[in-house]
Amino acid sequence: ALPISGLMAATLDNRTTSITKLERERFEEVRSGEKDIRTLCLGCASLKVKMEHPLFEGGLCSGCKDSFLDNYYLFDDDDGTQMYCAICSDGMEVFLCDVTGCPRAFCYFCVEKICGKEELDKITAKTNWNCFLCEPEMCPAPLRVRQDWHQRVQALFAAPDPIEYDPLVIPPPLPLAERRPIRVLSLFDGIATGYVALKNLGFDVELYVAAEIDCDAVRVRRRLLGGGNRFLFYRRCLRCIILILRTWETFRKLVEKS
């Protein structure tokens with residue numbers, strides 16, 4: 001964070017005048033000990049707290065919660081820093097943390113209204129600044145970093161209803177004496193990657209019937225596999241479908257590709 005002067009200072013003065021009278025009064029009451037910061041939304045000082053702020057002691061109202069969820073993981077394309085304040089998920093002018101690898105930003109608006117003008121001036125005067133989360137022991141009152149903020153952020157963005165899968169069932173291997181070569185029907189075969197995969201997996205392919213309409217793919221496939229009685233190639237899938245209907249019971253495996 002570089003010292004602010006001239007035009008930057010004017011921008012800061014204009015920005016802080018947008019803090020509402022109600023916000024100033026409520027956070028002043030927090031600093032004086034008359035009000036508990038946990039009863040306020042850190043973003044707008046609303047008393048209608050919807051959830052706890054995941055990073056700091058305090059809450060978020062419904063609107064500020066939505067902003068946090070929408071903007072927390074928005075980063076600048078040039079330097080990889082957060083585009084919005086880590087407290088309110090808003091802010092036109094922000095302080096950027098100077099700790100290597102830390103992407104967080106904090107707006108002047110939040111620093112002044114929560115911590116006071118004196119703390120804002122201190123940060124503004126610094127040439128290098130380590131943010132509140134990187135140095136939580138230096139976090140100015142009444143702003144307090146949650147010790148478990150990493151876990152809270154992960155839980156906040158976790159899927160509410162994670163997909164549940166059935167436990168993996170691995171069938172027992174078939175005894176060697178019972179194993180038989182397989183017959184494969186491959187629709188939209190491409191360049192016979194299905195056959196190559198089966199061979200690499202150790203399957204004994206007795207018959208490979210394939211259909212492919214792309215002429216270039218057919219030429220590659222013929223060069224790769226050659227001819228012989230083990231391979232039947234068709235240019236149209238309809239002939240393969242007719243073959244399925246007539247000889248379904250003869251095929252032990254069907255490979256379908258899209």
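Along the sequence shown, the residues carry numbers beginning at 1.
Between the side chain of R146 and the backbone N or O of G58 there is at least one donor-acceptor pair closer than 3.5 Å. For K35 (side chain) and E28 (main-chain N/O), no donor-acceptor pair under 3.5 Å exists by modelled atom type. Under a 3.5 Å cut-off, the side chain of E119 and the backbone N or O of G116 do not form any donor-acceptor pair. D36 contributes no side-chain N or O that, together with a main-chain N or O of T39, makes up a donor-acceptor pair within less than 3.5 Å.
Looking at I87 and L143, their side chains come closer than 4.5 Å, going by heavy atoms from C-beta outward. Side-chain contact check for F75 versus T81: every heavy-atom pair is 4.5 Å or farther apart. Looking only at side-chain heavy atoms (C-beta outward), V153 and L55 come within less than 4.5 Å of each other. Side-chain contact between V99 and E135 is absent, with no heavy-atom pair separated by less than 4.5 Å. Using a 4.5 Å heavy-atom cutoff, the side chains of M138 and N130 are not in contact. The side-chain heavy atoms of I114 and P142, taken from C-beta on, include a pair separated by under 4.5 Å. Two residues are said to be in side-chain contact when any heavy atoms from C-beta on lie closer than 4.5 Å; D70 and Y84 fail this criterion. D204 has its side chain out of reach of I182: every pair of non-hydrogen atoms, C-beta onward, lies at least 4.5 Å apart.
Nearest heavy atom pair, residue M51 against residue V49, reads O-CG1, 3.3 Å. When all heavy atoms of Q82 and R104 are compared, the pair lying nearest together is OE1-CA, 3.3 Å. Taking every heavy atom of both residues into account, C115 and P140 meet most closely at SG-CG, 3.6 Å. For V145 against F56, the heavy-atom pair with the smallest separation is CG2-CE2, 3.6 Å. Scanning both residues, C88 and G43, for their nearest heavy atoms gives CB-CA, 3.9 Å. Of all heavy-atom pairs spanning N71 and S89, the tightest one is ND2-O, 3.0 Å.
Ring planes of Y72 and F68: parallel class, angle under 30° (limits at 30 and 60°).
Note: the hydrophobic cluster containing L40 does not contain L22 (ILVMFWY, side chain heavy atoms under 4.5 Å, direct or indirect links). Tracing side-chain contacts under 4.5 Å through hydrophobic residues (I, L, V, M, F, W, Y), one never reaches F157 starting from M83; they form parts of separate clusters.
Interatomic distance, SG of C107 versus CG of L120, reported as 10.0 Å (0.5 Å rounding). Rounded to the nearest 0.5 Å, atoms CG (L156) and NZ (K65) are 7.5 Å apart. Here L42 contributes atom CG and E52 contributes atom CD; the two are 10.5 Å apart, rounded to the nearest 0.5 Å. Rounded to the nearest 0.5 Å, atoms CD (E57) and CZ (R38) are 6.5 Å apart. With rounding to the nearest 0.5 angstrom, the NZ atom of K113 is 11.5 Å from the CZ atom of R31. Distance check, rounded to the nearest 0.5 Å: CG of L69 to SG of C64 gives 11.5 Å.
Within a 6.0 Å sphere centred on CD of E34, heavy atoms belonging to other residues, nucleotides or ligands number more than 12.
Partner F95 forms a ring pair (Phe, Tyr, Trp, His ring centres under 6.0 Å) with one of Y108, F109, F106 and no other, that one being Y108. Considering R152, Q151, H150 in turn, R152 is the only one that fulfils the side-chain hydrogen bond (donor to acceptor under 3.5 Å, both in side chains) rule with D148.
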Practice problem: Any chance you could lay out the side-chain contact (heavy atoms from CB on, under 4.5 Å) test for C139 and R144, step after step, and finish with the verdict? | Solution: CA-CA 6 Å; C139 189; R144 295 189 296 273; 5.8 Å; no
